[in-house]
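Contents: one structure, followed by commentary.
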Amino acid sequence: MMNKAFAVTLDPATSLENHTGSWRTLRPENVFKLPPCNKQCPAGENIQQWLYYAAEGNYEMAWRFLTENNPFPACMGRVCYHTCEGKCNRGFLDEAVGINSVERFLGDYAIEHKLSFKRPAKDTGKKVLIIGAGPGGLSAAYHLRRFGHSVHVLEAGAEPGGMMRYGIPVYRLPRNILDAEIARITDMGVTIECNHKVEDIEAEKKKGGYDAVIITTGAGISSNVDIPEGDTNHILNALNVLGEIETKGNIEIARRVAVYGGGNTAVDVARSLRRLGAEPIIVYRRNRDKMPANEEEMDAAIAEGIQVKWLSTITGATKESLKIEKMKLDESGYPQPTGEYEELPADAVVLAIGQNVDKSILDKLQGLKVERDAIVIDPETNETSVPGVFAAGDVASAKDRTVTLAIGMGKNTARSIHAYLRGVKYKKQPKNEDARFEDMHPWYYTDAPKTVRPELELARRTNTFDEVQYGLTEENAIYEARRCLSCGNCMECDNCYGVCPDNAIRKLGAGKGYEFNYDYCKGCGVCAQECPCGHIHMVPEKI
Amino acid sequence: MSTEQIEGSLGVAKAVSLCKPGVVCAYPISPQTHIVENLGKFVKSGALKHCEYLNVESEFAAMSVAIGSSAGGVRTYTATASQGLLFMAEAVYSASGLGLPIVMTVASRAIGGPINIWNDHSDSLSQRDSGWLQLFCESNQDAVDTHIMAFKIAEKVGLPVMVCMDGFVLTHAFERLNLPSQEQVDAFLPKYEPREFLTPKEPISIGSMVGPEAFTEVRLLQQRKMLSSLQVIEDVTKEYREITGQHSGGLLDCYNCENADLKLIILGSSVGTAKDEIDRLKAQGINVGLISLKAYRPFPYAALKAAVGNSSQVVCVERAFSFGARGIICPEVKRALEGTSTKVCTALAGLGGRAIYGSTINGIVKHALDGKFKDEFTWFDIDTKVLNSYTRNALGITFPEGPIAESELEATLLRA
């Protein structure tokens, strides 16, 4: 037995009588913040959340959380322009997390392992008609079906997918991937009727006894521009070219083709024609800085040998050449004619200068408000000016037309209709405060450069539509997911648990996080200082 | 027993090594550095086995490590001086409050500023109330022996011990030293058996908070230990002297005290100088006694009273003082002699390395015998020329040649 000193030496746990938490003037609290990736994602994915499960190696769980918001991870992991990565806080440290590549890995994993969506537990008996089986329509169908509503989709084309099928070339999105992700939605009980062009929305609604309608007809008409042309020079439009390549696998066009425009569609057309043996040249009226096309896609086009004629407009076409006027940018960045002309040898022109909404069916719906090439919708509910008729995707978005946004709009519309069908007005959930890099303590993160995805070698890209970009291996994907800083959300690193000088943090077990023991927490704030991801706030106590 | 002509620091290192400490934590500061350097060499060469030698990042760390290892039940040693002692001050108090029998050498050195590396007693005496035993050494032989005794005293009492030896004057002086053999030390100093220590087998918390409900009682018990150490020091000294035949340690030591009407009280290395001068004075027929004060904490009031006896005058030769007050040793002596008619005063000398020569002692004795110590406190070894070279122009005052009594210093405030 020890000869213990009076008062100074204590038996185990006896000091627990001193509830030193009463000394506290500041209290630590866990805060859940909105990571910049989540905030940016047009589809509203909780990226940080699914990266957490991917980083744990629980790919199915990661995929389940991902598909809470987006039923097309394998497609998105290929065609999304991943603006989330541009906002990623890891960019302040080294390079953004390769979110897009992990998303694709999860999408491919789910296809490979034949993961399916759960069918709704019970049917509500409500019927919703969706017009157009593009990304917006299918996203809405998926979410509505999850709510237990009965969903029928009418599609004018021969196959579902919309622009994912008839706009995006195969080398970016192999069709077996698209088919697999659409099949998963129809497996839930969503019915899709193809080759059915809706002429009268009101009549279709009445005929089928639908409780609500969503218009997701897209923007499928190429914009035209008047080019004085000679007899034999072909002038075609981009969507027809891409559609024909999709359905026939080839297109008879010409050797020297000018693709007119600077958007993503122009790049898709040029790269597709290159694969068919043509020598496309992109003609664009402004310069590279002002070009709306995605930078990575444009880099790939140039790498594949596609030429670009910058600061040029086509003012006329003859049999074997185009008349080009040189442009210069004015102070506000708009192209202005210079009066200088040159000849550009070309046998055909493909117009890729924009896409418009097919107004013919919209005009027939009484009371439907359409402005500047898009249906006017309530930004909160996505409802049109016609009660019970909603719209999503390109047809309801004149400014930003991407697959990702369409998927997000489809989700939001489904939620809104779910409320509408219960007689409630939908309100979007308030967002958490932003997770800012300045509020994080990145000292704890080790350097880890971004994984570069391998690509099909350049030489093979001129004669095949094989997918250009490859996916990540499991090893790479888990590494990439682990690069996530978990901005503003707990990743259970144990830092707070380890540094607390009062042992006042309880560990609740894997996935359950921690809890503060306010009986003993003196509010020193070390946990908040040492939390890498800024998940702990010090809040003044009411004294 | 072996006899060697070595540096004081090496002698102390060898003495500490003979005590087989389990932990030595070291941070260099002059004039203590050679002691821990030598201990480091012993550990590296294997001469000192089963000892963790820790290079730490500061004196605060040194004392913190010492507290940790001592609380872990290990015999622990460290050394410091001057600013280093002040830097570790917080932990110094903790060590005594926890009753940890750490032994620490203080190679006494003046405290800055202005910065000064030479010897006086302002560092060790600043820790007067730290709850440590403070044992002063008058020679390197005394230092060697006192270190060995210090471990036994500390472990018997359950309090830490500072062994105070004058910096440079002792630490860097080469002298003939008698070192006891390992067998002698082993027979004298048993293996350390801590009364309480941290072990996972029987978990306890050492050093918990104590509130107003028991703090006074904790202090009373600490004081009781300190009081008990007076007897322990005497017992241990007796035992050590019997084993080694040395004449070191003790609460105090008297020299030529029989029938001396004037006695000097001195701490540390000046004792040797004083003894020589007292011999010379005796040859001239002047009888002066010398009390070498070994234990400053605990203060041996009774022993001192007995040593002074019925002398009519006592002069404390002090190498530190208290700003705004007077000497530091003198008030303790006055307490010891309360109720007697003995006159007690301070002769302040030897600050910041100013040498105390035989002539200094001689001057003090003459000053005392001539009845010139009119105040309790006198600046004895003042260099009037140096002082006046500044005050004449800057303050418009000059001091007369010789020692300056406190009242004379106060009078200059009226003159200015």
Side-chain angles (χ1 to χ4, degrees), chain A residues 1-28 441 443-444 446 494-509 514-530 538 540-543, chain B residues 64 67-68 70-74 90-102 130-132 154-160 190 192-229:
Chain A
M1 274 298 284
M2 288 194 206
N3 178 7
K4 290 175 196 159
F6 168 67
V8 177
T9 299
L10 296 176
D11 288 329
T14 46
S15 65
L16 293 176
E17 281 173 31
N18 301 325
H19 284 202
T20 46
S22 62
W23 306 1
R24 189 175 57 241
T25 57
L26 291 171
R27 105 184 350 235
H441 305 102
W443 186 87
Y444 287 101
T446 44
D494 277 359
N495 260 18
C496 57
Y497 181 69
V499 298
C500 177
D502 287 309
N503 284 344
I505 293 177
R506 289 198 197 102
K507 197 171 173 173
L508 302 177
Y514 310 86
E515 126 188 315
F516 297 105
N517 186 347
Y518 292 115
D519 281 348
Y520 303 105
C521 166
K522 297 199 195 86
C524 67
V526 173
C527 55
Q529 273 302 310
E530 302 304 324
M538 298 305 292
E541 287 282 5
K542 286 186 194 123
I543 302 166
Chain B
S64 300
I67 289 171
S70 188
V74 175
E90 181 191 339
V92 167
Y93 278 67
S94 298
S96 60
L98 298 178
L100 301 171
I102 300 161
S130 65
W132 284 56
E155 288 162 16
K156 273 193 138 179
V157 175
L159 284 175
Y192 175 42
E193 293 291 345
R195 52 187 71 198
E196 61 169 10
F197 62 101
L198 296 172
T199 166
K201 287 178 195 151
E202 194 183 335
I204 50 166
S205 297
I206 293 182
S208 73
M209 191 184 75
V210 177
E213 73 287 345
F215 195 75
T216 311
E217 290 68 28
V218 167
R219 285 291 181 249
L220 180 139
L221 293 169
Q222 203 176 332
Q223 171 76 335
R224 186 173 176 274
K225 275 204 233 176
M226 192 56 113
L227 295 176
S228 78
S229 67

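Proteins get letters first, then strands, A, B, ... in listed order; numbering begins at 1 in each.
- Atom CD of B:E90 sits in a sparse spot, with 12 or fewer heavy atoms from other residues, nucleotides or ligands closer than 6.0 Å.
- Remark: A:F6 CZ is packed, more than 12 non-hydrogen atoms of other residues, nucleotides or ligands lying under 6.0 Å away.
- The number of heavy-atom neighbours closer than 6.0 Å to CD of B:E213, taken from other residues, nucleotides and ligands shown, is above 12.
- Proximity to chain A is absent for every atom of B:F215, based on heavy atoms less than 4.5 angstrom apart.
- Between chain A and the residues B:G99, B:G207, B:G158, the most heavy-atom pairs under 4.5 angstrom are made by B:G207.
- Contacts between B:V210 and chain A at a heavy-atom distance below 4.5 Å involve the side chain alone, from C-beta outward.
- Exactly one residue among A:T14, A:L10, A:N18 makes a side chain to side chain contact (heavy atoms under 4.5 Å, CB included) with B:S208. That residue is A:L10.
- Of the candidates A:N3, A:T9, A:V8, B:E196 forms a side chain to side chain contact (heavy atoms under 4.5 Å, CB included) with just one, namely A:T9.
- Heavy-atom neighbours of B:F197 CZ from other residues, nucleotides or ligands within 6.0 Å: above the threshold of 12.
- Taking every heavy atom of both residues into account, A:A7 and B:V218 meet most closely at CB-CG2, 3.7 Å.
- One finds the CD1 atom of B:I204 at 4.5 Å from the CE atom of A:M2 (value rounded to the nearest 0.5 Å).
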